[in-house]
Amino acid sequence: MVITMKENEVHSLDLIFIRHGSTLWNQQKRYLGHTDIGLLPEAKQELAPLREQLRNFCWSKLYSSDLLRCRQTLTNVAPMQQEQAQLDARLREIDFGEWEGKTYDQLQHIQQYRDWIDDPQSVTPPKGESWQAFTARIDSFLDTRLLHDALSKPVKVDLPQIGIVTHGGVIRYAISRLIPDLNFWDTQVIPGQAMKVRLDYGASGWVGSQMAFP
């Protein structure tokens, strides 16, 4: 990490990454990036266990993607704290462009799609977002909004807990960046699931490790 510690700042913090609940497109296995659709009616029941697990959390900071499915998830799992959440468009899923709403079966015979599957870092969906743009905005969030802004003011607890309600691809990339030797596809996170990463500050900066949740 490029962020350096200041005197009296904390040396450890917990990040709780929360993937939004299920949408119709998730259920139908359609690509869902920037398209702004809400949760399924049954998502409230799906999210009930997570709501109970988070009931006694005292968030130092709470962030969320600005897309509807994340805002609705936030309302379901942290109803008493949702007003303190800061919405940030940098936490959106990657934009799949013309492939939004399409399934693998619909796209599998398109060569550009097959090339993208093989090498998403080099191939961009038509009218979509490049891998470099996607990762750059998440890096920006992690370096500025999170590791800088979240720790720039004194905190009242020894181990701050920061909640981040976002999307599957964002969680995979963020965790792969924060935890050494972890790749993007090494992390599997289902809708309505939370994952905990503890960041410790040492000689080489912030280094993450995955913790059991809850």
Side-chain angles (χ1 to χ4, degrees), residues 1-6 9-21 26 32-33 49-50 53-54 57-65 67 70 73-74 77-78 85-86 88-94 116-122 129-152 155 157-214:
M1 295 296 176
V2 298
I3 305 300
T4 56
M5 292 293 290
K6 298 179 182 178
E9 284 186 346
V10 296
H11 285 70
S12 297
L13 67 149
D14 283 345
L15 306 179
I16 311 298
F17 289 98
I18 299 167
R19 186 179 177 188
H20 64 78
N26 293 137
L32 177 57
L50 183 57
Q53 292 165 355
L54 297 174
F57 268 61
C58 183
W59 301 108
S60 302
K61 292 280 186 177
L62 191 55
Y63 299 99
S64 175
S65 161
L67 294 180
C70 288
T73 299
L74 180 65
V77 303
Q86 300 179 52
D88 197 315
R90 288 176 293 181
L91 290 171
R92 290 184 178 192
E93 184 60 277
I94 193 169
W116 176 74
I117 290 290
D118 292 337
D119 190 3
Q121 296 186 14
S122 300
E129 184 176 23
S130 70
W131 177 262
Q132 291 72 27
F134 171 63
T135 58
R137 60 178 165 86
I138 302 172
D139 287 340
S140 173
F141 173 83
L142 291 173
D143 287 333
T144 60
R145 191 71 175 267
L146 185 58
L147 295 180
H148 182 272
D149 293 352
L151 300 177
S152 61
V155 293
V157 293
D158 293 332
L159 188 62
Q161 296 181 123
I162 298 174
I164 304 166
V165 183
T166 184
H167 310 265
V170 176
I171 294 173
R172 287 190 182 101
Y173 174 73
I175 290 180
S176 74
R177 182 190 155 182
L178 296 170
I179 299 179
D181 302 320
L182 201 66
N183 295 319
F184 180 85
W185 292 112
D186 290 338
T187 299
Q188 299 299 321
V189 54
I190 63 175
Q193 181 184 12
M195 306 192 77
K196 181 178 178 180
V197 174
R198 177 159 297 168
L199 291 183
D200 295 297
Y201 190 84
S204 58
W206 289 101
V207 176
S209 56
Q210 191 164 340
M211 310 291 288
F213 181 88

**Q** Give, for atom CG of Leu32 and atom CG of Asn26, the distance between the pair rounded to the nearest 0.5 Å.
**A** 5.5 Å
**Q** Which pair of heavy atoms, one from Asp118 and one from Pro120, lies closest together, and at what distance?
**A** C-CD, 3.8 Å
**Q** Test side chain to side chain contact (heavy atoms under 4.5 Å, CB included) on Leu15 and Leu178 and set out the steps.
**A** CA-CA 10 Å; Leu15 306 179; Leu178 296 170; 3.7 Å; yes
**Q** Main chain of Leu159, side chain of Ser12: is a donor-acceptor contact present, judged purely on distance under 3.5 Å?
**A** no
**Q** For residues Ser64 and Leu91, report the shortest heavy-atom separation together with the two atoms involved.
**A** C-CD1, 3.8 Å
**Q** If I compare all heavy atoms of Gly208 with all of Val197, which pair ends up nearest, and what's the gap?
**A** CA-CG1, 4.1 Å
**Q** When rounded to the nearest 0.5 angstrom, what is the spacing between CG in Asp139 and CD in Gln132?
**A** 11.5 Å
**Q** Is there a side chain to side chain contact (heavy atoms under 4.5 Å, CB included) between Phe17 and Val189 once you walk through the steps?
**A** CA-CA 10 Å; Phe17 289 98; Val189 54; over 6 Å; no
**Q** Give, for atom CG of Leu199 and atom CH2 of Trp206, the distance between the pair rounded to the nearest 0.5 Å.
**A** 6.0 Å
**Q** Could you work out, with side chain to side chain contact (heavy atoms under 4.5 Å, CB included) as the rule, every residue matching Ala89, not counting sequence neighbours?
**A** Asp66, Arg92
**Q** Given Asp143 and Arg177, is the side chain to side chain contact (heavy atoms under 4.5 Å, CB included) satisfied, shown in steps?
**A** CA-CA 11 Å; Asp143 287 333; Arg177 182 190 155 182; 2.6 Å; yes
**Q** Under 4.5 Å between any side-chain heavy atoms of Val170 and Phe134, yes or no?
**A** yes
**Q** Salt bridge (charged side-chain N to carboxylate O under 4.0 Å, His left out): which pairs involve residues 179-196, sequence neighbours left out?
**A** Asp14-Lys196
**Q** If you take all heavy atoms of Arg90 and Phe141, which pair is closest and at what distance?
**A** NH1-N, 3.7 Å
**Q** From Leu74 CG over to Ile164 CD1, what is the distance, rounded to the nearest 0.5 angstrom?
**A** 12.5 Å
**Q** So, taking the atom named CD1 in Ile16 and the one named CG in Leu54, what distance separates them when rounded to the nearest 0.5 Å?
**A** 7.5 Å
**Q** Once you round to the nearest 0.5 Å, how far does CE of Met195 lie from CD of Gln210?
**A** 4.0 Å
**Q** Spell out, as yes or no, whether a donor-acceptor pair under 3.5 Å connects the side chain of Arg19 to the backbone of Gln193.
**A** no
**Q** Determine whether a donor-acceptor pair (N or O, by modelled atom type, separation under 3.5 Å) exists between the side chain of Glu93 and the backbone of Gly169.
**A** yes
**Q** Checking the side chain of Arg198 only, and the main-chain atoms of Ser209 only, is there a donor and an acceptor separated by less than 3.5 Å?
**A** no
**Q** Can you tell me how the ring of Phe213 sits relative to the ring of Phe57, calling it parallel under 30°, perpendicular over 60° and tilted otherwise?
**A** tilted
**Q** Quick one: are Leu67 and His167 in side-chain contact, heavy atoms under 4.5 Å?
**A** yes
**Q** Quick one: do the Ser176 and Asn183 side chains pair a donor with an acceptor below 3.5 Å?
**A** no
